[in-house]
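Written out below as structure tokens is the structure these notes cover.
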Amino acid sequence: MSHAEQLIPPRPAPPPVAKRLSVSKIAGYTVIGLWLLLGLGLLYSMIEGWDADKFTHYGPRYIDGLITTITLVATSIILGAILSLPLAFARMSSNRLIGALAYAYVYVFRSTPLLAQLFLIYYGLGSFRPELQTVGLWWFFREAWYCGLLSLTLNTAAYQAEILRGAIQSVPKGQHEGAASLGISKAVTFWKIVLPQAMIVALRPYGNEIILMIKGSAVVSIVTVFDLMGQTRYAFSRTFDYQAYLWAAIFYLSMVEILRHIWASLEARLTRHLKR
């Protein structure tokens, strides 16, 4: 062995592999086991107390409420996406006034409960009936469905604006500089280069926002919108059977799982070039 080799300290042995499960894993398996037992208990109670007449009578109401929920959420997401684009630009604007107004909008709608926003629109603006009739808007605010749609749209627009702003700002500045060096205009650079890359970054947060909107849309049932939760409340008020809410939970869980798998497939397809 040479003198140089003697000066090099020996490589430390790798740490032994732990054979025992960590406390966090044990706790996780315990929670999963408890949820599994709860699910089996609910399944047994459903089979034991199955009432075909109730299912036949209220089943069409659940389907109608499900369609209302999907329509309400899809429309609010689309309108919120349209509104979020100018909001995101306003948040990134160098004009202090425009930036402050956009920040105030986002701050208010992200910092207050969706239920409070719904009440302010339905009950608050609804109290100005003479003024709304004067300007011809009473037909909109007298309908609970439109008020629910407006509250969901304004709420999701604030969240989508922040998602879009963060995604746009995550695109490296070198993309802008490279496009400018090739003589590409700023508008073409944004729509053809920056925005496609930003949408890949924003894809997963957008999926989470849609899932949150599906679950949050249940609040519109409080203002007499017969969505899925509204029809569930109606069924429970007639039967006093807790399974009415259990079926609603199954419908919501199914919607979220279907969307989650669709979004995972979409994300895998759009990002397949990044995994090569």
Side-chain angles (χ1 to χ4, degrees), residues 61 64-166 168 205-206 208-237 248 252 255:
R61 281 187 167 272
D64 183 70
L66 178 64
I67 294 174
T68 301
T69 295
I70 294 175
T71 304
L72 188 64
V73 172
T75 307
S76 63
I77 288 292
I78 294 173
L79 295 177
I82 296 173
L83 182 59
S84 68
L85 188 59
L87 274 174
F89 279 118
R91 287 281 285 119
M92 296 183 292
S93 175
S94 57
N95 188 304
R96 291 187 177 182
L97 178 59
I98 295 176
L101 292 175
Y103 174 80
Y105 174 89
V106 172
Y107 179 81
V108 169
F109 280 94
R110 293 179 69 205
S111 303
T112 55
L114 177 59
L115 182 60
Q117 299 166 18
L118 176 61
F119 282 171
L120 286 173
I121 293 174
Y122 183 69
Y123 294 113
L125 295 179
S127 62
F128 295 96
R129 178 175 179 175
E131 291 79 4
L132 293 173
Q133 286 179 331
T134 302
V135 296
L137 291 177
W138 176 241
W139 65 270
F140 184 92
F141 289 98
R142 73 180 179 184
E143 297 292 338
W145 196 91
Y146 289 126
C147 292
L149 175 63
L150 180 60
S151 62
L152 292 177
T153 299
L154 296 177
N155 182 272
T156 189
Y159 285 93
Q160 291 189 50
E162 286 299 283
I163 293 172
L164 185 59
R165 181 182 68 89
I168 291 174
Y206 268 124
N208 294 335
E209 173 61 17
I210 296 174
I211 290 175
L212 291 175
M213 288 297 297
I214 291 175
K215 296 184 291 185
S217 65
V219 301
V220 300
S221 63
I222 300 177
V223 292
T224 69
V225 176
F226 283 95
D227 65 331
L228 180 57
M229 186 55 66
Q231 297 290 3
T232 302
R233 294 178 62 191
Y234 176 86
F236 182 78
S237 67
Y252 279 110
M255 283 191 292

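Any value given below was found using the heavy atoms of this structure, including those in side chains, with hydrogens, waters and symmetry copies removed.
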Please list, chain by chain and in numerical order, all residues satisfying salt bridge (charged side-chain N to carboxylate O under 4.0 Å, His left out) with E209, sequence neighbours excluded.
-> none
Residues passing the salt bridge (charged side-chain N to carboxylate O under 4.0 Å, His left out) test with R91, sequence neighbours excluded, are E162
Sequence neighbours excluded, every pair satisfying salt bridge (Lys or Arg N to Asp or Glu O under 4.0 Å) that has a member inside residues 70-80 = none
Can you list every pair that meets salt bridge (Lys or Arg N to Asp or Glu O under 4.0 Å) and has a residue in residues 134-161, with sequence neighbours left out?
->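 Listed by first then second residue: nothing to list.
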Could you list the residues that satisfy ring pair (Phe, Tyr, Trp, His ring centres under 6.0 Å) with Y252, not counting sequence neighbours?
-> none
For F128, ring pair (Phe, Tyr, Trp, His ring centres under 6.0 Å) partners two or more places apart =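 Ring pair (Phe, Tyr, Trp, His ring centres under 6.0 Å) check on F128 returns nothing, list empty.
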Measure the [atom1]-[atom2] distance between [X] and [Y] for me, rounded to the nearest 0.5 Å.
| X | Y | atom1 | atom2 | value |
| --- | --- | --- | --- | --- |
| L118 | L150 | CG | CG | 9.5 Å |
| L137 | E131 | CG | CD | 11.5 Å |
| N155 | F109 | CG | CZ | 7.5 Å |
| Q231 | I67 | CD | CD1 | 10.5 Å |
| Y159 | R110 | OH | CZ | 6.0 Å |
| M92 | I168 | CE | CD1 | 4.0 Å |

Results of side chain to side chain contact (heavy atoms under 4.5 Å, CB included) for [X] - residues two or more places apart only:
| X | result |
| --- | --- |
| Q133 | R129, W138 |
| S93 | N95, I98 |
| L120 | none |
| L125 | I121, F141 |

With a 4.5 Å heavy-atom cut-off, do Y105 and L154 have their side chains touching?
-> yes
Criterion side chain to side chain contact (heavy atoms under 4.5 Å, CB included) on T68 and W145, from CA distance to verdict = CA-CA 9 Å; T68 301; W145 196 91; 3.8 Å; yes
Cut-off 3.5 Å, no hydrogens considered: what does the side-chain donor-acceptor table look like for residues 74-90, sequence neighbours left out?
{"from": "T75", "atom 1": "OG1", "to": "T71", "atom 2": "O", "distance (Å)": "2.7"}
{"from": "S76", "atom 1": "OG", "to": "L72", "atom 2": "O", "distance (Å)": "3.0"}
{"from": "S76", "atom 1": "OG", "to": "V73", "atom 2": "O", "distance (Å)": "2.9"}
{"from": "S84", "atom 1": "OG", "to": "G80", "atom 2": "O", "distance (Å)": "3.4"}
{"from": "S84", "atom 1": "OG", "to": "A81", "atom 2": "O", "distance (Å)": "2.7"}

Any donor-acceptor pair under 3.5 Å from S111 side chain to V108 backbone = no
What orientation do Y146 and F140 show, parallel under 30°, tilted 30 to 60°, or perpendicular over 60°?
->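 Parallel.
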Any idea how Y107 and Y103 line up, ring-wise: parallel (<30°), tilted (30 to 60°), or perpendicular (>60°)?
-> parallel
Quick one: side chains of residues 212-230, donor-acceptor pairs under 3.5 Å with protein atoms, not counting sequence neighbours, listed by atom name and distance.
{"from": "S217", "atom 1": "OG", "to": "I214", "atom 2": "O", "distance (Å)": "2.7"}
{"from": "S221", "atom 1": "OG", "to": "A218", "atom 2": "O", "distance (Å)": "2.7"}
{"from": "D227", "atom 1": "OD1", "to": "G230", "atom 2": "N", "distance (Å)": "2.9"}

Heavy-atom closest pair, residues S151 and L114 =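 So the two residues come closest at O-CD1, 3.9 Å.
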